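What you see is a predicted model; the values in this text were computed from it and never measured.
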Amino acid sequence: ALDQNGPAIEHIGEFSVVTNAFNAEYGRTGSWFTNITIRSGTNELHGSAFDYFANDKLNARSFFQPQRAIVRNNEGGFTVGGPIYIPKIYNGRNRTFFFLGQDLFWYRQANPGNLVTVPTIDFQRGDFSNLRSASGAVIPIFDPATTRSDGKGGFVRDPFLLNAIPPDRINSISRKIVELMPQPDWAGRQSENYYSRTGGTPWYKTWVTTVKGDHSVSDKQKVAVTYSRQSLPRLLAEWGYELGNPLEGDRVQDVKSQTGRINHDYVIRPNLLNHFTFGIDRYINVVRFSTVGQQWSEKLGIRGLPFLWDIFPRITFGGGTAAPMGASHLNNSDIGNGRISVNENLTWVRGRHTMKFGFSHYREYYNYLEASNGNGNFEFRNTTTSQPNAGSNLTLWGHSFAGFLLGDVYTAQTASPLTLGSRFRYWGVFGQDEWRATSRLTLSYGLRWDFAPAACDVNDRLTGFDPRTPN
């Protein structure tokens with residue numbers, strides 16, 4: 001979103017947080033907000049350079065990890081500012097200044113020491129004869145194909161012979177997915193038996209560039225122009241299988257944002273100051289799975305889903321004992337967000353009163369393409385292979401992976417691609433006065449009017465429901 005736009009810390013000259021009951025000049029915000037002023041150049045040329053370095057070669061291994069977590073981290077950059085000076089052409093001392101800041105952040109991490117759960121080799125073959133509870137008792141699994149009435153208002157199922165699913169009962173789609181699953185690192189454990197091969201964010205990078213120019217038109221008028229650009233590509237992992245394995249659900253998120261401001265200050269009289277700001281903001285967020293375009297619906301044999309990018313389907317397991325980690329992810333989208341803003345403030349100091357008057361106008365767009373559920377979101381739970389009339393054992397017996405092998409889905413979701421082209425308008429007008437009634441008492445009061453009409457869609461695709469409107 002646009003609120004993610006912002007400069008690097010080294011580019012900030014002043015920072016403040018406004019909370020609680022703030023003045024009427026501040027609108028369209030919650031219980032707090034921040035004010036940031038970008039650094040400006042001065043009559044002297046100044047600059048800085050910095051770098052923060054971290055590497056796992058300098059770290060000790062955690063007691064519970066088989067090896068050190070991979071860490072590669074560099075955060076560096078530079079700033080420079082001063083007067084604009086072109087020999088024999090222009091001398092901007094006391095009049096025209098520049099500031100340039102560049103921030104670079106590079107980060108890579110992997111946490112191979114975290115233990116997660118994958119199905120044991122026996123479970124992958126359909127053999128649950130050694131599926132045991134915490135007390136060591138064998139947990140039975142039941143055949144959902146034998147579900148029938150128990151004559152008492154409930155249902156009953158037959159257990160699988162030897163607590164194993166016959167090979168010819170294993171679903172063809174499930175069989176293909178099992179071929180992608182790794183073997184446990186700890187062969188004797190049915191849970192927490194596999195070391196994660198990924199961290200949540202294996203790598204991400206950030207480049208932030210800020211350029212600012214200040215110019216004194218006269219003793220009474222000053223103009224400032226600021227431009228900031230931020231790029232944040234990063235790789236997001238999900239489960240811990242391994243990067244490149246379609247089960248992992250790893251995806252690249254590429255976020256780009258741009259912010260531009262033109263400020264004009266005019267001292268009309270010593271007690272009358274006008275401040276005008278014109279702003280442009282732009283934000284783009286693109287998320288793409290590593291499995292985009294790999295025809296997984298066709299490879300697995302899944303039919304009839306309104307997929308757009310044909311990614312690997314989302315799979316989750318839950319309930320019972322030793323539920324394994326899932327597969328893939330949902331988020332696959334394009335977001336484009338932008339805003340043009342105009343703000344006008346007039347400050348008038350008269351006696352003990354400091355009065356402010358102003359208005360704001362925003363024109364904002366939000367373009368969105370969502371295709372997350374197009375390839376299906378399938379949930380498997382232990383209750384599909386448990387005994388329906390087993391009372392409290394219903395949630396203890398059975399196994400979610402057994403239901404997966406049978407192709408017996410607990411819940412399934414899919415969705416057609418969603419596209420939005422929302423447009424927003426906003427107007428705000430305010431009047432504010434701070435009255436220093438005495439040296440020990442200051443009263444602050446004001447009035448603000450905000451108007452934000454309902455959003456519209458560029459293709460008129462928004463609908464609503466009004467119970468008072470006749471059909």
Fill in: Test log, rule side chain to side chain donor-acceptor pair (under 3.5 Å), inputs Y283 and D281
CA-CA 7 Å; Y283 173 86; D281 299 273; over 6 Å; no
Practice prompt. Only counting residues at least two apart or in another chain, list the ones meeting ring pair (Phe, Tyr, Trp, His ring centres under 6.0 Å) with F123.
Written response: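 Counting only residues at least two positions away or on another chain, F123 forms a ring pair (Phe, Tyr, Trp, His ring centres under 6.0 Å) with F128, H399.
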Item to complete: Could you pull out all residues at least two apart from H361 that satisfy ring pair (Phe, Tyr, Trp, His ring centres under 6.0 Å)?
Response: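 H361: ring pair (Phe, Tyr, Trp, His ring centres under 6.0 Å) contacts with W427.
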Worksheet item: Charged N to carboxylate O below 4.0 Å: is that the case for R468 and D466?
Response: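 Result for this pair is yes, salt bridge flagged.
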Worksheet item: Is R197 paired with E242 through a side-chain N to carboxylate O contact shorter than 4.0 Å?
Response: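 No, E242 and R197 are not salt-bridged.
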Worksheet item: Is it the case that N345 and E25 place a side-chain donor and acceptor less than 3.5 Å from each other?
Response: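 Side chains of N345 and E25: no pair found under 3.5 Å.
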Item to complete: Please name the pair of heavy atoms, one in W106 and one in K205, separated by the smallest distance, quoted to 0.1 Å.
Response: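 That closest heavy-atom pairing would be NE1-CE, 3.3 Å.
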Are the aromatic rings of [X] and [Y] close, with centres under 6.0 Å apart?
| X | Y | answer |
| --- | --- | --- |
| Y204 | F105 | yes |
| W449 | F430 | no |
| Y426 | F451 | no |

Practice prompt. Please answer whether the main-chain N or O of G398 pairs with a side-chain N or O of T385 as donor and acceptor at a distance below 3.5 Å.
Written response: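 Checking the backbone N and O of G398 against the side chain of T385, no donor-acceptor pair under 3.5 Å is found.
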Discussion item. Suppose we screen for side-chain hydrogen bond (donor to acceptor under 3.5 Å, both in side chains). Which residues come up paired with N35, at least two apart in sequence or across chains?
Written reply: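 For N35, no residue satisfies side-chain hydrogen bond (donor to acceptor under 3.5 Å, both in side chains) once neighbours in sequence are set aside.
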Practice prompt. List for me each residue that meets side chain to side chain contact (heavy atoms under 4.5 Å, CB included) alongside S133, sequence neighbours excluded, and say none if there are none.
Written response: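 Applying side chain to side chain contact (heavy atoms under 4.5 Å, CB included) to S133 gives S135, A137, I139.
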Practice prompt. Not counting sequence neighbours, list each pair that qualifies as a side-chain hydrogen bond (donor to acceptor under 3.5 Å, both in side chains) and has a residue in residues 286-295.
Written response: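 Checked against side-chain hydrogen bond (donor to acceptor under 3.5 Å, both in side chains) - neighbours excluded - the pairs reaching residues 286-295 are D250-S290, R288-D334, Q294-W296.
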Worksheet item: Do any pairs count as a side-chain hydrogen bond (donor to acceptor under 3.5 Å, both in side chains) and have a residue in residues 415-425, sequence neighbours left out, and if so which ones?
Response: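 Every side-chain hydrogen bond (donor to acceptor under 3.5 Å, both in side chains) pair that includes a residue of residues 415-425, provided the two are not neighbours, is N367-R423, T419-R461.
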Practice prompt. Let me see the working for Q253 and R234 under side chain to side chain donor-acceptor pair (under 3.5 Å), right down to the final yes or no.
Written response: CA-CA 5 Å; Q253 180 183 32; R234 58 179 176 174; 2.5 Å; yes
